Amino acid sequence: MMKVTLRNLCKYFQQIKAVDGLNLEIAAGEFLALLGPSGCGKTTTLLTIAGFYKPDQGEIYFDEQLVNDLPPRLRNIGMVFQSYALYPHMNVLDNIAFPLKLQKVPKSEWKARAIEIAKLLEIADLLDRKPGQLSGGQQQRVALARALVRNPKLLLLDEPLSNLDAKLRIFMRAELKRLQKELGITTIFVTHDQIEAMTMADRIVVLREGRLQQVGTPDELYDSPANVFVASFIGTPPMNLLDAEIEVGKGDYRVKTSHFSFSLPKEIVAKIKYIPSHGVVLGIRPEDLIIGEGNIRGLVYVVEPLGRDELVTLEAGDMRLKALVPSRLRIGLNDKIEFSFSVERVHLFDKETGKSLYKEA
Amino acid sequence: MTKKTGAAFPYVLLVLVAAPFITMYVGFFLRAFGEGPQLGIFPERFGLSNFSFLWEPITWGLAETTIWVALANTILFASVSGAVVTVVCMLAGYAVSRIEFKGKNTFLVLQLFLHAVPGQILLIAIFFLLYYLHLLHKIPGIALARASLEIPLGVWMTKGFFDAIPWDVERAAMIDGCTRLQVWYKIFLPLVKPGVAAVFIWGFLFAWHDFIYVYTLLPGTAKLMSTLIQSLLATEVIDYGYLAAMSLLYMLPPLTLFVLLQRALLKVPIFGGKGI
Amino acid sequence: MAVSVFTGPSIFLITLFYFIPVLLTLLIAFTDMDRTLQWRFIGLDNFLRLFGVSSRDPFVPRIIRNTVIYVAGTLPLTIFGGLFLSILSMRLRRGMGLFFRSIFFIPRAIPPVVWGFLWAWSFEGTRYGLFNGIRSMLGLPVIHWLIKYPMVIVILANGFLGISLSMLVFSSAIASIPTDLTRAAEIDGATRWQTTRYIIIPLLKWPILTMTAWHLMSFVNSYVYIMLITGGGPYYRTEVWSLYAYHTAFNRYRYGYGASLTTILIVVNIVLLLVVLRTFGLRRMIGRGKIEV
């Protein structure tokens, strides 16, 4: 088990700052997700940790050892690539045993260890096959076996599930999570899929344009997003974000949008750091909207059935809001309805900086 | 420290292997623009006197010609060859890409075989063939023979261009009332325009560079650039500067073409060069 | 039939300039045709002479030896040289790699006559040759390269011509190896050399095989560059089979005997083609080259 520390990590490609001043501590045995849209620098971060890119600034520590100049092969890490990168000319056994052979491990031992790890991953019956003869799921397991066979201190996974079909992906999510806990290897994985990150990781790092947005457990990110970007990126369907203003009266904070207004409850007022003069962004999660009761009038614009729930798009004034409601409500197109929302669960952001107005927990 | 030497290692090896060649190329270039005797790489002084063939007739032995005649001959030879390669390959390439016919696979494999067998070993027979056809000593006739060498690969090349066009385009054209020949002419040729240019240039270039066909089948004083340079090289006293300058002029058109049309040409497999 | 409109012209030209010449060669091979261009069939006389059964051709053993040495020299140079240069140049930064690959591609980009001229001039035996000029500037005596080492010069000139193609093919094959594969090898603990040895070279198996087959045929038949650089001399020391056939026909005007020499070459070609075909399999030859395993 090894802890990884990134200190002010920067990586530039010509003018583009792929990673810009990243500070991060990854605890020993932790399962950490690097999450962000494409081009956010998550893969660059991973490849820099692996040693393929040299940081332009900043340091990377494995435990207390500075590894900036250590070549990848000496870092004792395992990595599963997005394409799996199995060696097409070697069979499964040779693929898995390749790292051990390079270490000049005697044949009897490498064979035993490779078979052992193959058994763990349930691919022991595929050892004679070539990668081309394997399904996507099998290829992934072989890649995982190869990454694990030399007992790495750190495991890196680059979009490990993106090449699998939907059903297998859900299955492998659970499998990977269990395996990681069982082996206890510090693991960093890169994904653009927030559900993947939420379901698997102990902590999630949200990146955007090379900059850290927020680090936290899945619940922390969901319940108290640090800024508008995280708020809109985490959670499906995404949070409703509305322009609003806060009017301060006598002991009363009133949030006004172009169509409705409401008073903030005390527990929210207590969390607010400051009131910006230039307006705020009001965030309401779709599941916090209550349809059929309340004093806001709206029109049903679209209904998208999701099975257990329905995703309803409401038109209210010049705004459109998405609401997640139980299917049994039987809402029809163009219905005129009243709705409200749980005021104690709203989010408020500074309109200019996008940062949350709430104090950090 | 060791890492630095490790990174420099490929450079050192490559420079070692490349050095003689770079010397040859640079020496050649300087020779063309040099005057007076040249020892090693650098000439005594620089000047354009080596390019005197541009304004004076060229003589070797008792024969005489001008550079413009040689250039005109070469352009004629290369253009005919390029045009033949283009038309013939564009037709055949369409057929093997789009039409199912008996013997299609045999036809394609045959082209591969022929591509592997260098046609230059058949020159004795081709000499007689042209003689009986009364095409010997005639530039277009020799160009036709030279063009045939490029057909096997050309068919594969054009097949590649046509393969890239969606079948629906062809189906739509046929529903609109085109015959196959009209589809080829009205739809496909415009669609593969860069390909047409590439095939033409490719046929043109190989003919432009050709030496052995012209040398063998067009004897006497009618010279193309390649045979002219060879004749001057075969004389008793060789003026290397003069030859270097003429070679430079000879290489100029293909180089210009290549630079201008680099993009289109890069899609073409440069597999030719049977003259090895 | 409609299809003949498309295939007709190519079939016509191929028949005219490949098949008929092959038949014509076979016919002429059984005559003693000379510069009068009279057909007079003399049965197997040419071949008997060639194989040393009657009135032996004294040059044949020497020509065979030259051809074997020439192919045995050029082919490994082309394949190993191409591998060496492509692997090295692909390690460099893009621009530098491209620079070196261009240097080694020039032989194929320039006309044969100019390539021949470059070598003839560079290795000319007087002070006016390029390398002897440099030597004499350094106070070294001139070397008569083309007289002392004609075969070496010819092998180098043709070998580097082969390299220009094999290097290009190998380089693009290396470029098509996904970066993930070499990165994975590095993660697995492989050094640069081990990655090359265990990952890159095995993945080049198919291009190496094709290039070997291709250049084997090419070198067996090649004579144009030898003709331009040494003319087969000095005194037959670089005269290979195909050049001997050419000289016999066009310099000594013994078309009949030249055709019989060519006939042997055609037979060798067909045998080589069949061997290549057996090794590669027809299907793979028509199929597109991917990374083959």
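Just so it is clear: chains get the letters A, B, ... in the order the sequence lines come, proteins before strands, and each one is counted from 1. The figures that follow rest on heavy atoms only: side chains count, while hydrogens, waters and symmetry mates do not. Predicted model, so just to flag it, every value in this text is computed and none were measured.
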(message) List the residues meeting side-chain hydrogen bond (donor to acceptor under 3.5 Å, both in side chains) with B:T86, not counting sequence neighbours, and say none if there are none.
(response)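 So B:T86 forms no side-chain hydrogen bond (donor to acceptor under 3.5 Å, both in side chains) with any residue.
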(request) Using ring pair (Phe, Tyr, Trp, His ring centres under 6.0 Å) as the criterion, point out the one residue from B:W202, B:W208, B:F206 that pairs with B:F204. (result)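 Single ring pair (Phe, Tyr, Trp, His ring centres under 6.0 Å) partner of B:F204 among B:W202, B:W208, B:F206: B:W208.
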So which of [options] has the largest heavy-atom pair count under 4.5 angstrom toward chain B?
options	result
C:V220, C:I110, C:L85	C:I110
C:T7, C:L92, C:I103	C:L92
C:L138, C:T25, C:L27, C:I106	C:I106
C:S122, C:A213, C:G231	C:S122
C:I28, C:N269, C:I14	C:I14
C:A157, C:A249, C:S10, C:A245	C:S10

(message) Using the rule side chain to side chain contact (heavy atoms under 4.5 Å, CB included), only one of B:L122, B:L114, B:L144 pairs with C:F17; which is it?
(response)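 Going through B:L122, B:L114, B:L144 one by one, the side chain to side chain contact (heavy atoms under 4.5 Å, CB included) with C:F17 is satisfied by B:L144 alone.
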For [X] and [Y], which heavy atoms make the closest approach, and how far apart are they?
X	Y	value
C:T262	B:I124	OG1-CD1, 3.6 Å
C:W193	C:R91	N-NH2, 4.3 Å
C:S171	C:S86	OG-CB, 3.2 Å

Does any backbone or side-chain atom of [X] lie under 4.5 Å from a heavy atom of chain B? Answer side chain, backbone, both or neither.
X	result
C:F84	side chain
C:I20	side chain
C:F117	both

Is chain C contacted by the side chain of [X], its backbone, both, or neither, given a heavy-atom distance below 4.5 Å?
X	result
B:A147	neither
B:L181	both
B:M24	both
B:L129	both
B:T23	both
B:Y240	both
B:W184	side chain
B:L233	side chain
B:L248	neither

(request) Ignoring hydrogens and angles, state whether a donor on the side chain of C:S89 or C:R101 is under 3.5 Å from an acceptor on the partner side chain. (result)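 C:R101 and C:S89 do have a side-chain donor-acceptor pair below 3.5 Å.
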(request) May I ask you to check whether C:Y70 and C:S222 show a side-chain donor-acceptor distance below 3.5 Å? (result)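 Note: C:Y70 and C:S222 side chains meet the donor-acceptor criterion.
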(message) Do B:C89 and B:M157 have side chains that approach each other closer than 4.5 Å (heavy atoms only, starting at C-beta)?
(response)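 Counting from C-beta outward, B:C89 and B:M157 never come under 4.5 Å.
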Counting heavy-atom pairs closer than 4.5 Å to chain C, which one of [options] comes out on top?
options	result
B:I151, B:V17, B:V15, B:I126	B:V17
B:I121, B:L255, B:L110	B:I121
B:T227, B:I229, B:L14, B:V155	B:L14

Side chains of residues 90-97 of chain B: which donor-acceptor partners sit under 3.5 Å, not counting sequence neighbours?
unit_1 : atom_1 : unit_2 : atom_2 : d
B:Y94  : OH     : B:E170 : OE2    : 2.3
B:Y94  : OH     : B:R180 : NE     : 3.1
B:S97  : OG     : B:D163 : N      : 3.4
B:S97  : OG     : B:D163 : OD1    : 2.7

(request) Hey, could you give me the NE2/OG1 distance between C:H215 and C:T210, rounded to the nearest 0.5 Å? (result)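 The distance works out to 10.5 Å.
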(request) Could you tell me the separation between the CG atom of C:L23 and the OG1 atom of C:T15, rounded to the nearest 0.5 Å? (result)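 These two atoms lie 10.5 Å from each other.
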(message) Quick one: does any side-chain atom of C:Y223 pair with a main-chain N or O of B:Q120 as donor and acceptor, under 3.5 Å?
(response)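 Side chain of C:Y223 to backbone of B:Q120: a pair is present.
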